[in-house]
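Okay, so here's the structure we're looking at.
Reminder, nothing fancy here: chain letters follow the sequence lines and each chain counts from 1.
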Amino acid sequence: MQAVENFAPRVLAWFDEFGRKNLPWQQEKTPYRVWISEIMLQQTQVTTVIPYYHKFMASFPTVEALAAAEQDEVLAHWSGLGYYARARNMHKAAKMLVDELDSEFPQSVEGVCELPGIGRSTASAILSISRGVQAAILDGNVKRVLARFHAVPTWPGEKKTENAMWALAEHYMPAQRCGDYTQAMMDLGATLCTRSKPQCLICPLEKDCLGRRTEDPTQFPIRKPKKAAKPERSIQLLVLVNEDNQVFMEKRPQSGIWGGLWSLPELASEESVVLHVEQRFQTHIHNIAPLSAFRHTFSHYHLDIEPSQVRIGSIDAVFEAGKYQWFSLHEAFDLGLPAPVRTILTDLENTSC
DNA sequence: AACCCGGGGAG
DNA sequence: CTCCCAGGGTT
């Protein structure tokens with residue numbers, strides 16, 4: 001691939017005139033604030049992140065505050081953002097920073113990569129933006145800009161292609177103003193060199209863009225090979241309500257889907273609610289009310305959820321502390337909940353029984 | 001290299 | 001509905 005001159009200066013000049021510079025994490029660009037923003041922005045769009053970022057910073061303004069927090073509290077702030085391992089890793093990294101690194105963010109990309117949840121691209125973004133370190137990023141935006149600019153004919157998910165794009169990213173990275181360049185490339189990709197309807201006419205790279213010379217620039221980057229149709233699964237989720245109007249919640253294991261979040265008892269679709277509840281809770285059922293079923297779609301499968309509300313009598317059984325707990329509806333909303341569970345409880349509250 | 005992990009916005 | 005987003009971790 002043939003590189004061109006003046007790549008970075010053109011991008012920087014565009015950024016100076018048209019780029020966004022008022023996003024929340026672009027103010028007071030400390031390593032901590034930039035770090036949190038980069039984690040939240042992984043696979044997540046800017047408009048989604050903004051309210052989460054404000055709340056998170058209000059509750060955990062420093063790395064010390066984050067390290068001192070309970071995991072439940074951190075996950076509660078993440079509830080609805082998805083990819084919850086991001087929050088667990090971030091919390092762990094905060095503890096490492098405070099306990100082992102004297103709250104001092106590492107100075108090198110390799111050092112930052114030692115922290116859980118931070119890879120090469122995120123590490124370079126944090127260090128270049130917050131400290132001006134000369135380091136290249138290769139996120140979705142940069143991949144798209146470079147793939148179009150060079151009309152890269154192969155899929156970036158392929159190792160060879162990715163390596164070539166890293167080389168390009170490093171080649172174009174400027175010695176001066178690398179932090180601004182990092183933000184400029186992300187902004188260019190997010191606002192101008194977009195997946196669909198790119199605004200080539202006002203792009204600073206238009207003159208030399210090989211993708212632009214093709215019939216359809218949006219064919220780059222080459223799409224990921226299509227995978228098989230998503231499988232479908234169906235489950236029942238139980239909203240167990242006791243005589244004090246409390247709801248029974250279970251804490252999910254740290255690994256796997258919805259790791260560390262509080263969820264509702266889950267039954268196979270064909271399983272009997274009556275038998276299950278009577279066996280597990282050793283109590284009688286006052287009444288069962290089916291709630292409206294709905295579909296929740298993940299990256300790789302559809303989950304059809306059949307919720308029902310089950311009012312039960314008094315409970316004698318003792319449960320392992322910390323893994324199971326009764327909560328009032330009000331308390332439950334402050335927990336880290338998977339999005340569909342939050343939906344069910346919200347509907348329940350609105351139809352207020 | 002392939003898969004896992006969420007949720008939402010855009011078309 | 002499909003595709004993808006300021007990716008990283010695990011196998």
*What's the closest nucleotide to the A:Thr122 side chain, out of C:dG7, C:dA6, B:dG11?*
C:dG7

_Suppose you measure atom P in B:dG8 against the same atom in C:dG8; what distance do you get, rounded to whole Å?_
22 Å

*From the list C:dG8, B:dG9, C:dA6, which nucleotide is the closest neighbour of the side chain of A:Glu38?*
C:dA6

*Distance in angstrom units between A:His296 NE2 and B:dG6 C1', rounded*: 6 Å

*What interatomic distance, in whole Å, is found between P of B:dC3 and the corresponding atom of C:dA6?*
24 Å

*Between A:Thr343 and A:Val341, is there a donor-acceptor pair closer than 3.5 Å when you use the side chain of the first and the backbone of the second?*
no

*Residue closer to the 5' end of DNA chain B, A:Trp155 versus A:Gln45 (nearest nucleotide)*: A:Trp155

_Candidates C:dG8, B:dA10, C:dA6 - which lies nearest the side chain of A:Ser121_ = C:dG8

*Ignoring hydrogens and angles, are the base of B:dG6 and the side chain of A:Thr44 linked by a donor-acceptor pair under 3.5 Å?*
yes

*Protein-nucleotide distance (A:Tyr52, atom OH; C:dA6, atom C1'), rounded to Å*: 17 Å

*Which of the following nucleotides, B:dC5, C:dA6, B:dG9, is nearest to the side chain of A:Arg195?*
B:dG9

*Below 4.0 Å: OP1/OP2 of B:dG6 and any side-chain N or O of A:Arg342*: no

_Atom-to-atom span, OH of A:Tyr301 to C1' of B:dC3 - whole angstrom_ = 13 Å

*Considering residues at least two apart in sequence or located in another chain, which fulfil the salt bridge (charged side-chain N to carboxylate O under 4.0 Å, His left out) criterion with A:Arg131?*
none

*On DNA chain B, check which nucleotide each of A:Lys197 and A:Pro338 is closest to and give me the residue with the more 5' one.*
A:Pro338

_Quick check: A:Phe281 with A:Phe248 (ring centres under 6.0 Å apart)?_
yes

*Measure from NZ or CZ of A:Arg120 to the centre of the six-membered ring of A:Trp166 and say whether it is under 6.0 Å with the direction within 45° of the ring axis.*
yes

*When the distance from CG of A:Leu41 to C1' of B:dG6 is rounded to whole Å, what number comes out?*
15 Å

_If you assign each of A:Arg223 and A:Thr297 to its closest nucleotide in DNA chain C, which residue comes earlier from the 5' end?_
A:Thr297

*When the nearest nucleotide of DNA chain C is assigned to A:His302 and to A:Gln183 on a heavy-atom basis, which residue is associated with the more 5' position?*
A:His302

*Between A:Trp258 (CH2) and B:dC5 (P), how many Å, whole number?*
11 Å

*Does A:Ile235 reach the side chain of A:Leu237, with side-chain heavy atoms less than 4.5 Å apart?*
yes

*Could you check how far NZ of A:Lys143 sits from P of C:dC3, rounded to whole Å?*
18 Å

*asked:* Expressed as a whole number of angstroms, how long is the span from A:Tyr83:OH to B:dC4:P?
replied: 11 Å

*Centroid-centroid distance, A:Tyr53 to A:Phe56, less than 6.0 Å*: no

*asked:* Is A:Arg144 close enough to C:dC4 that one of its side-chain N or O atoms is under 4.0 Å from OP1 or OP2 there?
replied: no

*To the nearest Å, give me how far apart CE (A:Met40) and P (C:dC5) are.*
20 Å

_Distance test, side-chain N/O of A:Gln42 to OP1/OP2 of C:dA6, below 4.0 Å_ = no

*asked:* Heavy atoms from C-beta onward define the side chain here; which of B:dA1, B:dG6, C:dG7 lies closest to that of A:Lys159?
replied: B:dA1

